[in-house]
> 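Before anything else, here's the structure in question.
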There are 2 protein chains.
Amino acid sequence: MSYDDSCPVCRTAEIVCGKWTLLIIRDLAEGRSRFCELERSLKGISPRTLSLRLRALEEEGIVERQTFPEVPPRVEYALTEKGLALVPLIEDMRSYGRRWLGADGECTPASGEAELVVPAPPAAAAA
Amino acid sequence: MSYDDSCPVCRTAEIVCGKWTLLIIRDLAEGRSRFCELERSLKGISPRTLSLRLRALEEEGIVERQTFPEVPPRVEYALTEKGLALVPLIEDMRSYGRRWLGADGECTPASGEAELVVPAPPAAAAA
DNA sequence: TCCCGGTACTTCAGTTCGTGAAGTCTTGCG
DNA sequence: CGCAAGACTTCACGAACTGAAGTACCGGGA
C-alpha cells in the first residue's frame, strides 16, 4: 500500500481507512453485535464488504469473533482491547462531525456514549 | 457514498477516509507546505491523487490554497481552522499506532510535533 | 541556440476496491 | 414442498488509486 511502516499515523491510517471500517468499530463500541445487525445498522454496506472488513479486523486483533452452533448459525463480533483503544478516535470524529459538519444525529443508540466518554461534567460549565 | 448524513461519525468518515487524506492533514499540521514538498513527504502518492485530495479538501474548507505568481509558479497549502480541528484525531492515531502497532518512527520532521503540543519551551533548552 | 531543471499539475491505461443483486447451505415450520 | 432466517460467497460492474508520461512556464548553462 506504499505507506511508511515506521510512522504510527500511517500504520493507523492503513487499518482505519477502509470504507466502513470506522463505522463498524463505532457500532461494536456499543457492544457485541451479529453480522446481520451490523448489516442493518450500517445501511448500505454490502455483505461482501462487511465480511471482508470483519475478517481483516479479526486478523488485526481488533475484533473477536464468536460462533454459536445453533440452527440458523449465529456469529457475534466484539471489540478486543486493541479495538476498544480506537474508541477515542471515534469520539473525536463524533465531536468533529457535530462541531464542523453540522451533523447532529445520534446514529448509535446513545446508550454507550455517556458511559464511554464523559467521566462527569463539572456542573460549573452549564452555569 | 451511501453513508448516513445525519451521523457525525459518518460525515467525518467521509472526509477522512480517502487514502492519504489523513496523512496530508498530518503534514499540513506541521505548517504550510507546497505541492512538491507534500509529494516528497508522502512517499508513494501519485500527483493525481495528491491533486484530487487537495482539491477536495479545499472544497470542504479544510485546506487553504495560496498561489504566488512567481516564475516557477509556487502554490502553498495550509490548514484552515476547520482543518486544524482535525489535529486531535491525528494525534490519537499517532498514539494508537505507537501503543498498539509498534510503530515508533517520527514520520514528520519532528519539528512541529513539539511546537503543536508544547506552548513555549523554557529558555533553558537553548543554553 | 538548444536543452535541462524545477514547479504544479493533467492525461492515460491499468489495477484494486467497493457495489448491488443473486446464490449457497442448513434446518424448522405451515 | 417451499419459504424463512442467518451468515456468508460469487459475479459483473463502476469508482478509486496507481505509475508513467506529458504540458506549460522560464532562467541558466554548454
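Atom set for the values below is all heavy atoms of this structure, side chains included, hydrogens, waters and symmetry mates excluded.
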> Flag yes if A:L52 and A:V63 sit in one hydrophobic cluster, no otherwise; membership is Ile, Leu, Val, Met, Phe, Trp, Tyr, and two members link when side-chain heavy atoms are under 4.5 Å apart.
no
> Between B:T49 and D:dC17, is there a contact of a side-chain N or O with OP1 or OP2 at under 4.0 Å?
no
> Is the shortest side-chain N to carboxylate O distance from B:R94 to B:E91 below 4.0 Å?
yes
> Can you establish whether the number of heavy atoms outside B:R32 located under 6.0 Å from its atom CZ is more than 12?
yes
> What is the separation between atom CD1 on B:I45 and atom P on C:dA8, rounded to the nearest whole Å?
14 Å
> Indicate whether any N or O donor in one side chain lies under 3.5 Å from an N or O acceptor in the other, for A:D27 and A:S33.
no
> Main chain of A:K82, side chain of B:Y96: is a donor-acceptor contact present, judged purely on distance under 3.5 Å?
yes
> May I have the distance from B:E58 (atom CD) to C:dA8 (atom C1'), rounded to whole angstrom?
14 Å
> Has B:K19 got a side-chain N or O lying under 4.0 Å from the OP1 or OP2 atom of C:dC17?
no
> Phosphate oxygens OP1/OP2 of D:dG19: is one of them under 4.0 Å from a side-chain N or O of B:S46?
no
> Of all the heavy-atom pairs spanning A:L54 and A:I24, show the shortest one and how long it is.
CD1-CG2, 3.8 Å
> Calculate the interatomic distance between B:Y3 atom OH and C:dT19 atom C1'; express it in whole Å.
13 Å
> Report yes or no: do B:R53 and B:T49 form a side-chain donor-acceptor pair below 3.5 Å?
no
> Rounded to the nearest angstrom, tell me the gap between atom CG in B:L50 and atom P in D:dA16.
17 Å
> In degrees rounded to 10°, what angle is found between the helical axes fit to the five outermost pairs at each end of the helix from C:dT1-D:dA30 to C:dG30-D:dC1?
40°
> Dump every N/O contact between nucleotides 4-8 of chain D and the protein below 3.5 Å, one line per pair.
from, atom 1, to, atom 2, distance (Å)
D:dG6, O3', A:R34, NH2, 3.2
D:dG6, O3', A:P73, O, 3.1
D:dA7, OP1, A:R34, NE, 3.4
D:dA7, OP1, A:V75, N, 2.9
D:dA7, OP1, A:V75, O, 3.4
D:dA7, OP2, A:C36, N, 3.2
D:dC8, OP1, A:R65, NH1, 2.9
D:dC8, OP1, A:R65, NH2, 3.2
D:dC8, OP2, A:Y77, OH, 2.5

> Does any N or O donor sit under 3.5 Å from an N or O acceptor when you compare the side chain of A:R48 with the base of C:dT19?
yes
> Taking only the side-chain nitrogens and oxygens of A:W20, find out if one of them lies under 4.0 Å from OP1 or OP2 of C:dT19.
yes
> Cationic tip of B:K43 within the cone over A:Y3's six-membered ring, i.e. under 6.0 Å and within 45° of the normal?
no
> Can you tell me how far P of C:dG18 sits from CD of B:E14, to the nearest Å?
15 Å
> Calculate, to the nearest 0.5 Å, the distance between atoms CE and CG belonging to A:M93 and A:L23 respectively.
7.0 Å
